[in-house]
Amino acid sequence: MDYVATCKLPTPWAVFSLHAFVSPESGKEHVAMTLGDLSTTEPVLARVHSECLTGDALFSQRCDCGAQLEAALQAIAAEGRGVLLYLRQEGRGIGLVNKIRAYSLQDEGADTVEANVRLGFPADMRRYDVCRPMLEHFGVTQLRLMTNNPRKVDALRENGIEVVARVPLQVNRNRYNEGYLQTKAAKMGHWFNLADLPENP
Ligand SMILES: Nc1nc2c(ncn2[C@@H]2O[C@H](COP(=O)(O)OP(=O)(O)OP(=O)(O)O)[C@@H](O)[C@H]2O)c(=O)[nH]1
Ligand SMILES: [Zn+2]
């Protein structure tokens, strides 16, 4: 993973630093947002967020990605210290166009896992091997990871990252994503308690 450049990134919650990386193997451009002093030994509040153009940028309510992105940045800002890795693996790794094909099958009744399988993809194709070199660039070794996904915790640990704590990130349950969240809990093992999650209008 090659580090390229850093700039300031003012957001509604804090002025983050935005760091650009390029993977020589895949040619993919990934970014990290950081806040505060990450070089101390205290475990770092972190979010490893996979790209979701529809949710992160286009306000889609089909998933919980946009709300999770915002909540993670707010939590880091509130603490004054943390890192968010924004990984360019859209649609759990199948890409934007294939995700829209999967959404089309979901409009006809398939769930999020069935749709991927019908298109010939595994339920989740994401990889987390770029995370360690990105974190090493900042001297970060221990994370308090904001996620509901047990496979993400396992995958990061397999990549040699110490996840010392898991911080739940349950936001934005709505009438459009209820089934999606239920499938993630039932088929993908996500730690959700839908009853605990307030319903947004
Ligand atoms: N293939 C596919 N990808 C989806 C779908 N909905 C969201 N995504 C992608 O899934 C990724 C987000 O993964 P999620 O499973 O929502 O959450 P997670 O990151 O595994 O877990 P958390 O850390 O708890 O958010 C993003 O890359 C989205 O583009 C879908 O229906 N089909
Ligand atoms: Zn999404």
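Counting convention: from 1, in listed order, for ligands and their atoms alike. What you are looking at is a predicted structure, and each value in this text was computed from that prediction instead of being measured.
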Do H19 and T34 have a side chain donor and acceptor closer than 3.5 Å? yes

Looking at R62 and D107, does any basic side-chain N land under 4.0 Å from a carboxylate oxygen? yes

For Q68, the atoms of ligand 1 under 4.0 Å from one of its heavy atoms are 22 (P), 24 (O), 25 (O)

Taking the Zn ion (ligand 2) as the center, what protein N, O or S atoms are found at less than 2.8 Å? C52 SG, C63 SG, C65 SG

Could you check which of K99, R88, R47 puts a non-hydrogen atom nearest to atom 8 (N) of ligand 1? K99

Classify the contact between N116 and ligand 1 as side chain, backbone, both or neither, using a heavy-atom distance cut-off of under 4.0 Å. side chain

Taking atom CD1 of I161 and atom CG of L135, what is their separation to the nearest 0.5 Å? 5.0 Å

Part of E51 with heavy atoms under 4.0 Å of ligand 1, whether side chain, backbone, both or neither: backbone

As an exercise, identify every atom of ligand 1 less than 4.0 angstrom from a heavy atom of S50. 26 (C), 27 (O)

Distance check, rounded to the nearest 0.5 Å: T183 atom OG1 versus Q106 atom CD? 8.0 Å

Atom pair CG/OG1 of L18 and T11 - distance to nearest 0.5 Å: 11.0 Å

Please check this pair: side chain of R92 against backbone of M125, looking for a donor-acceptor N/O pair closer than 3.5 Å. no

On a heavy-atom basis, I'd like to know which of T112, I94, D111 is closest to atom 32 (N) of ligand 1. T112

Using a 4.0 Å cut-off to any heavy atom of N148, which atoms of ligand 1 qualify? 22 (P), 23 (O), 24 (O)

What's the spacing between R132 CZ and E136 CD if we round to 0.5 Å? 5.0 Å

Going by distance alone, is a donor N or O of one side chain under 3.5 Å from an acceptor N or O of the other, for N149 and T147? no

N149: numbered ligand 1 atoms lying under 4.0 Å from its heavy atoms: 18 (P), 20 (O), 21 (O), 24 (O)

Any idea which of G93, A155, G91 brings a heavy atom closest to atom 29 (O) of ligand 1? G91

Scan the side chains in residues 94-104 for donor-acceptor partners under 3.5 Å anywhere in the protein, sequence neighbours excluded, and list what turns up.
from : atom 1 : to   : atom 2 : distance (Å)
N98  : OD1    : R101 : NH1    : 2.6
N98  : ND2    : I94  : O      : 3.0
K99  : NZ     : T54  : OG1    : 2.7
K99  : NZ     : E90  : OE2    : 2.7

Between the side chain of E162 and the main-chain N/O of L143, is any donor-acceptor distance below 3.5 Å? no

Using a 4.0 Å heavy-atom cut-off, which part of Y103 comes near ligand 1: side chain, backbone, both, or neither? side chain

So do E42 and R81 actually touch side chain to side chain, heavy atoms under 4.5 Å? yes

Would you say D124 and ligand 1 have an N/O pair spaced under 3.5 Å apart? no

Contact list for residues 44-60, test salt bridge (Lys or Arg N to Asp or Glu O under 4.0 Å), sequence neighbours left out: E51-R88

Numbered atoms of ligand 1 (with element) below 4.0 Å of Q89, judged on heavy atoms: 27 (O)

Residue set satisfying ring-ring contact (aromatic ring centres under 6.0 Å, His included) with Y3, at least two apart, ordered chain then number -> F21, H137

Which of the atoms in ligand 1, numbered in the order shown and given with their element, are less than 4.0 Å from a heavy-atom of K152? 18 (P), 19 (O), 21 (O), 22 (P), 23 (O)

For atom 12 (C) of ligand 1, which of the options E90, H49, R126 provides the nearest non-hydrogen atom? R126

Nearest neighbour of atom 22 (P) of ligand 1 from the list D56, L69, T147, on a heavy-atom basis: T147

